[in-house]
Amino acid sequence: MAEAKPPDNLPRHVAVIMDGNGRWAEARGQGRIAGHQAGIDAVREVVRSARERRIRYLTLFAFSTENWNRPRLEVDELMRLLQRYLRSELDELHEHRIRVRAIGALDRLPRVVRRLLDRAIADTAHHDGMDLVFALSYGGRAEIVDAARRLARDAERGEVDPEQIDEKVFAAYLQAPDLPDPDLLIRTGGESRLSNFLLWQLAYSELHITPVMWPDFGPGDFAEALDAFSARERRYGLTGAQVRDRSQGGAA
Ligand code: FPP
């Protein structure tokens, strides 16, 4: 069933690549970990801003499969920060009816993180205010390969007819198939790349790349990204005239 259109032509689903923690810290003569610590405050702020703007789905790229290759100390600290976040934010998440979810190779996470995450997911599963999705130990290609493997198994068992496989059938095998594709991708830190994030789901997303480093990304920057999105015309391969015709109730 189609959900209500969000207010003021706002995105229903915003995805964020939170980049620039390390550079932010280095620019201040501090270690990279100080940047990740400051990044937590920015996470808190962006969750608040998204909620206040009634964004229905917010997905944050918190840790990639490639991030496991960072120095051990940095990985450990990121895992500690995740624990701290999950412990300290739960009350506020409950208060605002935020449902916590996660995608990625979660079985690679340290047991204590996994336990806290599972608890946050279970405890908030009934909330319907906003879905807050953490991409953790996440890689877009790995997600697609995993979906292909499970689909192939079902086809082998005769549960799926290979001739009937289309984009909709395939997408149902992704990790969170009920999530709509992101309407807007925000990337902080100024780099223009996807970094293996939601490769399938971002096919038609609008991109907003800002030079602001993640720890400095605040409500004003989030509002700017939403404003830029509102002003854009999403054409999905159509002409501008076709899109305008449709939005005025013309061709279906
Ligand atoms: C990229 O910055 C950021 C990360 C690899 C981790 C993101 C983590 C946080 C924002 C804090 C913890 C998150 C949660 C959800 C509690 P970078 O280190 O690659 O920065 P650089 O490009 O400047 O080196």
Side-chain angles (χ1 to χ4, degrees), residues 14-51 55 57-93 96 98-106 108-110 112-121 124 130-140 176 185-198 209-219 221-222 225:
V14 177
V16 187
I17 299 178
M18 309 182 287
D19 195 21
N21 293 350
R23 280 168 286 162
W24 181 92
E26 281 156 14
R28 285 162 179 73
Q30 299 172 3
R32 299 176 52 80
I33 284 166
H36 297 314
Q37 284 165 345
I40 289 255
D41 298 330
V43 170
R44 192 174 296 119
E45 285 299 327
V46 85
V47 170
R48 277 185 195 149
S49 299
R51 173 172 60 67
I55 302 301
Y57 304 92
L58 177 68
T59 298
L60 303 178
F61 200 6
F63 194 87
S64 71
T65 42
E66 293 75 22
N67 288 156
W68 289 116
N69 300 322
R70 292 198 173 191
R72 175 77 195 270
L73 263 177
E74 186 169 341
V75 170
D76 287 351
E77 185 57 26
L78 279 165
M79 293 299 134
R80 250 194 304 276
L81 287 173
L82 256 172
Q83 291 173 51
R84 195 197 295 170
Y85 178 87
L86 290 167
R87 287 203 173 94
S88 65
E89 298 307 299
L90 210 53
D91 283 350
E92 182 164 341
L93 298 176
H96 298 290
I98 294 174
R99 180 182 180 200
V100 176
R101 307 178 61 171
I103 53 172
L106 306 180
R108 289 188 71 184
L109 296 171
V112 55
V113 175
R114 184 67 202 268
R115 213 168 38 231
L116 283 167
L117 187 64
D118 285 347
R119 203 165 67 205
I121 291 170
T124 62
M130 178 173 89
D131 282 21
L132 173 59
V133 187
F134 291 107
L136 286 167
S137 185
Y138 176 85
L185 170 72
I186 300 173
R187 181 172 184 140
T188 62
E191 311 281 4
S192 307
R193 52 176 176 259
L194 292 181
S195 299
N196 202 13
F197 188 39
L198 299 176
I209 296 165
T210 166
V212 175
M213 299 295 156
W214 177 250
D216 285 333
F217 188 82
D221 302 297
F222 189 69

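Ligands are counted one by one from 1 in listed order, and the atoms in each one are counted from 1 as well.
The shortest N/O to N/O separation between Arg23 and ligand 1 falls below 3.5 Å. When only interatomic distances are considered, the shortest N/O to N/O separation between Gly20 and ligand 1 falls below 3.5 Å.
Judged by the shortest distance from any of its heavy atoms, Asp19 lies inside the 4.0 Å radius around the atoms of ligand 1.
Annotation: the span from Arg87 atom CZ to Arg84 atom CZ amounts to 11.0 Å, rounded to 0.5 Å.
For atom 9 (C) of ligand 1, the closest non-hydrogen atom on the protein side is Asn21 ND2, 3.6 Å. The shortest contact between atom 11 (C) of ligand 1 and any protein heavy atom is with His36 O, 3.6 Å. Considering only non-hydrogen protein atoms, atom 5 (C) of ligand 1 sits nearest to Asn67 OD1, 3.5 Å. Scanning the protein heavy atoms around atom 1 (C) of ligand 1, the nearest turns out to be Met18 O, 3.1 Å. Distance from atom 15 (C) of ligand 1 to its nearest protein heavy atom, with residue and atom name: Phe134 CE2, 3.6 Å. When only non-hydrogen protein atoms are considered, atom 14 (C) of ligand 1 lies nearest to Val43 CG2, 4.2 Å.
Between Phe63 and Val75, some side-chain heavy-atom pair lies under the 4.5 Å cut-off. A heavy-atom distance below 4.5 Å is not found between the side chains of Leu132 and Arg99.
Close approach of ligand 1 to Ala62 is summarised as follows: ligand atoms under 4.0 Å from at least one heavy atom of the residue are 6 (C), 7 (C), 8 (C), 15 (C). Atoms of ligand 1 lying under 4.0 Å from at least one heavy atom of Arg70, given by number and element, are 5 (C), 17 (P), 18 (O), 19 (O). Close contacts between ligand 1 and Trp214 involve ligand atoms 10 (C) [criterion: under 4.0 Å to a heavy atom]. Near Ile40, meaning under 4.0 Å from one of its heavy atoms, ligand 1 places the atoms 16 (C).
Of all the heavy atoms of Met213, none lies under 4.0 Å from any atom of ligand 1, so neither backbone nor side chain is involved.
Taking the charged nitrogens against the carboxylate oxygens, Glu26 and Arg23 have no contact shorter than 4.0 Å, which rules out a salt bridge. The existence of a salt bridge linking Glu77 and Arg32 is excluded, since no basic side-chain nitrogen approaches an acidic carboxylate oxygen closer than 4.0 Å.
Heavy atoms of other residues, nucleotides or ligands lying less than 6.0 angstrom from CZ of Arg119 number 12 at most.
A side chain to side chain contact (heavy atoms under 4.5 Å, CB included) with Val100 is found for one member of Thr124, Asp131, Val133 and no other, namely Thr124.
Remark: Arg28 is positioned above the aromatic ring of Trp24, its terminal NZ or CZ atom under 6.0 angstrom from the ring centre and at most 45 degrees off the axis.
Donor-acceptor pairing under 3.5 Å is lacking for the side chains of Arg187 and Ser192.
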